[in-house]
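To find a chain, count down the sequence lines: A is the first, B the second, and so on, and within it residues start at 1.
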Protein chains: 2
Amino acid sequence: MARILIVEDEPSIQELIGVTLTRTGHDPLRANDAESALKLMQAELPDLVLLDWMLPGQSGVDLARRLRADDRTRSVPIIMLTARGDEQSKVTGLETGADDYVTKPFSPRELAARIKAVLRRQKPQATEDPVEIEGLRLDPATHRVTANGQAVVLGPTEFRLLHFFMTHAERVHSRAQLLDSVWGDHVFVEERTVDVHIRRLRGALEASGHDALIQTVRGSGYRLSAQKE
Amino acid sequence: MARILIVEDEPSIQELIGVTLTRTGHDPLRANDAESALKLMQAELPDLVLLDWMLPGQSGVDLARRLRADDRTRSVPIIMLTARGDEQSKVTGLETGADDYVTKPFSPRELAARIKAVLRRQKPQATEDPVEIEGLRLDPATHRVTANGQAVVLGPTEFRLLHFFMTHAERVHSRAQLLDSVWGDHVFVEERTVDVHIRRLRGALEASGHDALIQTVRGSGYRLSAQKE
DNA sequence: GCATGCCGTCACCAAACCGTCACCTTGCTG
DNA sequence: CAGCAAGGTGACGGTTTGGTGACGGCATGC
């Protein structure tokens, strides 16, 4: 149903993705590098872009930036394919404005699920643009969050956690969802680990003057909310 | 809880997995090779398959491919057990359609965690839409009920109870029906417990300005109604 | 090698929530 | 209007859930 552009230089992976997409009722377009991807998009905008982190010539990150900088392509959601375990790239990737990440090696089912989720999330659109809430500002380059001139340094995990909250504010997220979105697929940690990071993040935010930004919804999870209740 | 099929020719490992599964509240089925596994699945589909990479006769990889090629078994998630940790076999494993892999030797804890993760991903979030009625707005995404701009915090049970009332408004529900729908059919609690929760819910709604929304029908049960009578 | 920082896990504590009961109020029936 | 049945309500332990401090492991940098 949906037109999905695959930008991936490795033929076998491109093929695997293509088959998966077709089987789940999508319409795959293929490109091997950034240039041909751009050319394809000139003709008609796809509904979603699957973008490999590493590409020959221009990297996937650069391409993502270009897509985000162009008014015409800004609204097209992007899912990044990245090798796993690279903390730095995960954080850098946040700058590019990708909507989701899938770490290689990935399962076709996992990929399909995330595509579905991103496409569904498109409809309400409206917000979830840049990261700008409550005077909070995230700086991916330095892992810092500045608030009221007060800057606090966060650990990588807390940084990604806060970033996720800021791009999905007001909604309640279960520990499972947070593990999925912030820690990533294929990682196995206890759900209670989320609690601890929430606590550390709260501590950091508090130190920067913001209080009670992250609320607990008993039995359901956590939420970042602008208004205290 | 979940029926999990173990396909593993080594008895000691099969036993270890079986114990682990039972301990984590699952229901293990066992098969020693691909053929008996297929036969077992003919009878009833399991919720998940734990598949050894190496099997006598037909390898686990082949079995995975066969399961993925068959419409009937395609939806069953697969976790691969592989002896070697090398990246290549992991990639291959996922290409065959496995949802995750665990490398031997594995810790029972890791296995349990991955099973949980895969099963969790199977049923995605129930993406419930907000329900709105008579100035009341109940939004599962934020887990909030707002009335006239006033947000009220509810406990989990009260939340489910109100949700049920709002999606089944204007009808009278007996305590038995409410226990069935809100608490679940396998829970054993006194019917009078419903009364108490009704009271708590009424209190919360009253605090938000809404009064007499939930009416008592003597001898029959309760009803949520827009117009007061 | 040693120090540092981050992370995941655990043990323990506090608070929230829940089911039940006892007792009171309401409403129906004769 | 007496008597009874059904529902309302406040209180109380028990259980579950989340908060928090501490600890060991691992990686990184010196």
Side-chain angles (χ1 to χ4, degrees), chain A residues 84-88 90-91 142-145 152-162 172-176 178-180 182-184 186-207 211-224 229, chain B residues 25 107-110 112-114 116-117 143 152-162 172-180 182-184 186-207 211-223 229:
Chain A
R84 56 198 272 231
D86 187 354
E87 284 295 328
Q88 190 49 49
K90 276 188 191 169
V91 176
T142 61
H143 282 198
R144 269 197 309 212
V145 49
V152 185
V153 183
L154 299 177
T157 305
E158 282 118 45
F159 185 89
R160 291 205 312 278
L161 183 59
L162 178 57
V172 178
H173 307 282
S174 69
R175 291 161 227 275
L178 290 173
L179 281 183
D180 243 31
V182 177
W183 272 255
H186 296 317
V187 250
F188 87 96
V189 288
E190 296 289 321
E191 288 201 340
R192 287 300 304 273
T193 300
V194 176
D195 296 29
V196 180
H197 279 272
I198 289 282
R199 186 192 155 275
R200 289 168 180 160
L201 183 53
R202 275 175 173 159
L205 291 180
E206 211 165 307
D211 206 357
L213 266 184
I214 299 179
Q215 300 158 359
T216 305
V217 179
R218 186 164 250 264
S220 298
Y222 297 95
R223 158 182 56 207
L224 182 140
E229 47 186 74
Chain B
S107 77
R109 166 193 291 284
E110 173 175 0
R114 291 197 183 275
K116 196 170 151 196
H143 209 269
V152 190
V153 184
L154 299 177
T157 306
E158 288 139 41
F159 189 90
R160 288 201 312 275
L161 184 58
L162 179 57
V172 179
H173 307 283
S174 71
R175 289 162 230 274
Q177 283 177 302
L178 289 173
L179 280 182
D180 227 42
V182 178
W183 272 256
H186 44 75
V187 192
F188 176 68
V189 287
E190 296 289 323
E191 289 204 339
R192 289 300 306 274
T193 300
V194 175
D195 296 29
V196 181
H197 279 273
I198 289 282
R199 186 196 153 272
R200 288 169 181 160
L201 183 52
R202 276 174 173 158
L205 291 180
E206 210 166 308
D211 208 355
L213 263 184
I214 299 178
Q215 299 154 2
T216 305
V217 180
R218 199 178 173 83
S220 301
Y222 298 94
R223 162 181 56 196
E229 54 186 61

Distance from B:Leu213 atom CG to B:Tyr222 atom OH, nearest 0.5 Å? 15.0 Å
What is the distance from atom CG of B:Asp195 to atom OG1 of B:Thr216, rounded to the nearest 0.5 Å? 8.0 Å
If the cut-off is 4.0 Å, is B:Trp183 near the phosphate of C:dC18, judged by side-chain N/O to OP1 or OP2? no
Within the 3.5 Å criterion, strictly below it, is a donor on A:Thr157 or A:His197 matched to an acceptor on the partner's side chain? no
Value in whole Å for how far the [atom2] atom of [N] lies from [atom1] of [X]:
X: B:Leu154; N: C:dC18; atom1: CG; atom2: P; value: 10 Å
X: A:His197; N: C:dC7; atom1: NE2; atom2: P; value: 5 Å
X: A:Leu201; N: C:dC7; atom1: CG; atom2: P; value: 11 Å
X: A:Phe188; N: C:dT9; atom1: CZ; atom2: C1'; value: 11 Å
X: B:Glu158; N: C:dG19; atom1: CD; atom2: P; value: 10 Å
X: A:Leu179; N: C:dT9; atom1: CG; atom2: P; value: 9 Å
X: B:His143; N: C:dA16; atom1: NE2; atom2: C1'; value: 14 Å
X: A:Asp211; N: D:dG19; atom1: CG; atom2: C1'; value: 15 Å

Describe the nucleic acid contact of A:Glu191 in one word from base, sugar-phosphate, nothing, applying a heavy-atom distance below 4.0 Å. nothing
Taken in chain and number order and not counting sequence neighbours, the residues that satisfy side chain to side chain contact (heavy atoms under 4.5 Å, CB included) with B:Gln177 are B:His173, B:Ser174
Kindly determine whether B:Arg109 and A:Glu190 satisfy salt bridge (Lys or Arg N to Asp or Glu O under 4.0 Å), including the steps that lead there. CA-CA 10 Å; B:Arg109 166 193 291 284; A:Glu190 296 289 321; 2.7 Å; yes
Any carboxylate oxygen within less than 4.0 angstrom of a Lys/Arg side-chain nitrogen, looking at A:Arg202 and A:Glu206? no
Nucleotide-resolved protein contact map, nucleotides 2-15 of chain D, B/S/- at heavy-atom distance under 4.0 Å: ---BBBBBSB----
